[in-house]
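Indexing begins at 1, ligand by ligand and atom by atom, following the structure's order.
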Amino acid sequence: MPDCYGGEPNHDEAAVRTFTLPDMLAGPSGAAVATAEEWRTTARPHQLQVLEKFVYGRQLPAVPVTVVATVERADVTLAGDVPAVRLQATLRLGAAADAPTTDVLLYLPKTEERVPVFLNLNFRGNHAEHADPEIRLSTAWMPDDKAAAIENHRATEASRGTSNARWPVESMLSRGYGMATAYCGDVFPDRADGRPASALKSLGRPVEGALAADEPGAIATWAWQLSRILDWLITLPEVDPAKVIVVGHSRLGKTALWAGACDERFAMVVSNNSGCGGAALSRRNFGETVAVITARFPHWFCPAFATYADREVELPCDQHTLLAMVAPRPLSVASAVEDRWADPRGEFLSCVAAEPAWKIFGLTGLGTQEMPAVDTPVGQTIGYHVRTGRHEMLAYDWHRFADLADRTLRMQSPPQADGYPAFHPLQAPLPVLPPPGAIVLFGDGSEPQPPKFTSMAGGPITWKVTDGTLVVNTTEQHANHIVSTVLFRDADIHAEFMTSPEAKGNSGLYIHGHYELQIYDSFGVQPPTDQDEGSLYRFGKPTVNASLPTGQWQVYDIRFIAPRRDTAGKIVKPGNVTAWLNGRLVQNELTFTEPRSPYTPYKHGVTDSLRGVEKRLLETGVGPLFLQDHGSPTKYRNVWIKPLDAP
Ligand code: GTR
């Protein structure tokens with residue numbers, strides 16, 4: 001059946017051909033490289049050239065960037081009382097008389113610190129991205145578009161804010177990110193005959209007549225625009241120059257990937273629904289094809305790409321090669337389940353195929369080969385999700401990009417000093433499979449095993465196992481905690497739990513019986529305190545409120561580094577804890593000393609058995625995990641401990 005564009009794309013998974021992908025780790029000799037050093041020096045440059053030659057065209061040169069007149073700065077308050085600084089600048093790209101200009105709009109959160117910034121190109125002008133009436137109205141050519149109130153190829157006052165759903169400035173600023181954008185049409189009007197009006201002319205490239213096979217097109221020109229905006233962004237004192245993230249949706253997602261491949265100064269790269277010629281594998285004949293895209297948009301790629309129409313299997317690269325260019329930097333790839341034209345599975349498989357480029361750096365990319373369920377983000381240094389709904393870039397997607405940036409660029413500094421492996425736990429899909437070396441205290445219900453816990457008196461537990469979950473059996477004293485039979489000093493701890501509305505869902509992971517990672521119904525509480533979920537109780541509030549509502553499965557992953565004590569039992573080196581809750585980093589190497597809770601099981605409901613446990617703990621630093629009874633029938637499953645040392 002012909003699609004709305006007149007092509008005949010396949011949308012039947014059963015009709016997808018089998019294919020072999022070219023080895024993206026291959027260097028110029030054809031042999032695959034095995035080390036990060038060889039990748040950087042031989043294979044990566046070679047593969048980048050292959051992408052230039054066959055897909056996007058030669059990279060365009062850097063040119064001097066100057067601000068026309070002055071940068072306009074204004075203090076503003078955005079919706080929801082979000083204080084911000086708005087910057088608008090017109091940048092001249094190059095010194096040539098006909099050098100193009102581009103208008104950049106940037107919102108920054110109000111803070112003394114340098115901030116990470118998301119930079120994206122937009123489709124309809126900066127004024128369309130946000131309703132702020134002070135945003136300069138673009139005067140550039142635009143495709144006619146009723147929904148964006150564009151008439152006779154020009155924006156109108158009614159165009160303001162028409163793409164707002166795609167640019168959630170307020171919530172990203174609240175998370176500490178700056179947001180920068182510019183109109184792609186400033187450097188290449190998006191139409192088949194846009195070339196003569198593009199920046200290519202000022203760069204000395206041919207704009208008419210037959211073009212060489214590797215002549216850059218619109219995508220390469222837009223990617224060049226992104227790099228020039230980056231040249232300027234990193235000069236701003238408010239911007240963290242090592243944390244600029246390039247983002248793009250659809251054709252501009254293809255562009256973001258190419259910009260990130262060509263310019264390693266982009267600290268992270270985000271592709272949203274980029275599809276064919278973006279994240280999706282070309283060899284998979286599903287949705288848009290090379291034939292369709294190069295016929296409809298002959299100006300996007302270099303001429304060579306079109307010659308692979310209907311012979312994608314002969315391409316010397318595929319789109320996983322493009323994704324691999326991002327390694328070892330974080331990469332986020334987002335699909336939408338109804339956006340079959342962009343081939344969500346092909347985008348996911350491309351991430352899977354690119355994984356070896358992260359592995360070579362000792363990093364986990366996706367860490368899974370299984371396509372996740374809808375709205376279930378997966379991955380470590382590569383983040384992937386497929387959202388409910390159609391071809392769009394929504395707040396949900398942006399929050400997933402920010403989650404990845406939070407984990408990788410911002411606060412992520414694994415406790416290297418202890419010599420333990422990086423701590424980027426996989427928290428989806430649930431239940432999570434235990435990693436090698438994990439000792440399962442209670443499983444996910446698939447293989448029933450007796451829980452590896454005792455009562456506080458050292459006898460059998462009275463908590464019930466119901467439908468494969470372990471449910472707190474709460475007693476009047478709220479001291480019917482259970483005690484793991486597995487002892488550890490430093491460890492990674494994983495627990496999945498579901499709170500009940502009773503007694504505010506109170507429970508907790510009581511590590512060594514001294515330090516409690518709080519479990520509590522804290523959904524939506526702002527700001528969360530050091531007694532809310534995600535806190536190390538009475539030591540530190542969570543960095544964000546990552547708590548989910550009662551009745552939903554939640555997941556904690558905790559890296560616990562025990563305090564060290566001298567022979568008199570005095571702490572000589574504080575402990576520290578890093579914790580992830582529901583995909584968010586909630587504690588980042590928080591240090592702690594002597595326990596502060598008045599309710600520790602060694603004080604509250606103490607037994608002879610526990611006196612012995614505490615004595616050994618103070619002498620050796622080794623102790624159990626307690627699951628807390630605090631009056632609420634919290635459910636647990638999939639609780640494991642991965643000891644990090646063998647004291
Ligand atoms: C479509 C095109 C896609 C995608 C999209 C967009 O028409 O077929 O490859 O790029 O446009 O950019 O919105």
Side-chain angles (χ1 to χ4, degrees), residues 1-11 55-56 120-125 128-129 142-148 150 162-163 165-167 181-185 187-192 194 217-223 225-226 246-260 269-302 305-306 308-310 312 315 318-319 322-323 333-347 350 386-387 389-394 397:
M1 228 229 290
D3 77 305
C4 57
Y5 304 117
E8 287 188 32
N10 167 43
H11 280 148
V55 187
Y56 303 102
N120 73 297
L121 293 182
N122 62 62
F123 291 77
R124 299 289 182 262
E129 299 287 281
M142 288 176 194
D144 277 339
D145 179 348
K146 264 216 177 98
I150 296 164
T162 46
S163 304
R166 253 184 211 171
W167 213 52
T181 192
Y183 173 47
C184 67
V187 304
F188 200 126
D190 190 9
R191 49 176 207 251
I219 291 177
T221 314
W222 295 328
Q225 178 187 13
L226 285 162
V246 64
V247 185
H249 171 60
S250 204
R251 66 198 68 184
L252 298 175
K254 312 180 207 296
T255 305
L257 287 168
W258 184 235
V269 181
V270 180
S271 148
N272 192 78
N273 304 183
S274 64
C276 180
L281 293 172
S282 300
R283 277 170 174 71
R284 257 176 68 88
N285 49 318
F286 191 102
E288 192 172 30
T289 60
V290 174
V292 172
I293 202 168
T294 55
R296 286 184 62 222
F297 306 104
H299 56 297
W300 283 359
F301 301 92
C302 70
F305 195 48
Y308 287 89
D310 300 322
E312 292 88 346
L315 267 167
D318 209 311
Q319 297 307 110
L322 176 67
L323 301 189
V333 173
S335 310
V337 75
E338 287 170 25
D339 185 17
R340 294 168 14 116
W341 187 241
D343 188 12
R345 181 173 294 278
E347 298 192 308
S350 189
V386 49
R387 171 180 46 71
R390 55 191 193 85
H391 188 69
E392 247 312 340
M393 179 157 67
L394 301 175
D397 302 302

Does any N/O atom on Trp300 come nearer than 3.5 Å to any N/O atom on ligand 1?
no
Quick one: does Ser274 get an N or O within less than 3.5 Å of an N or O on ligand 1?
no
Should you measure from each heavy atom of [X], which atoms of ligand 1 turn up under 4.0 Å away?
X: Trp341; answer: 2 (C), 8 (O)
X: Phe297; answer: 2 (C), 7 (O), 8 (O)
X: Glu288; answer: 2 (C), 3 (C), 8 (O), 9 (O)
X: Ser250; answer: 4 (C), 5 (C), 6 (C), 10 (O), 12 (O), 13 (O)
X: Lys254; answer: 3 (C), 4 (C), 9 (O), 10 (O)
X: Arg296; answer: 7 (O), 8 (O)

Option from Ser282, Ser271, Cys276 for which side chain to side chain contact (heavy atoms under 4.5 Å, CB included) with Gln319 holds:
Ser282
Set out, in order, the CA-CA distance, both residues' side-chain angles and the distance that settles side chain to side chain donor-acceptor pair (under 3.5 Å) for Asn120 and Trp167, then state yes or no.
CA-CA 9 Å; Asn120 73 297; Trp167 213 52; 2.9 Å; yes
Using heavy-atom distances, let me know which of Glu392, Arg251, His249, His391 sits nearest atom 1 (C) of ligand 1.
Arg251
Give me the ring orientation class for [X] and [Y]: parallel if the planes are under 30° apart, tilted from 30 to 60°, perpendicular past 60°.
X: His391; Y: His249; value: tilted
X: Phe286; Y: His11; value: tilted
X: Phe297; Y: Trp300; value: parallel

Checking heavy atoms under 4.0 Å, the part of Ile293 that sits near ligand 1 is side chain
What distance do Glu347 atom CD and Leu323 atom CG have between them, rounded to the nearest 0.5 Å?
9.0 Å
Between Asn273 (side chain only) and Glu392 (backbone N and O only), is there a donor and an acceptor less than 3.5 Å apart?
yes
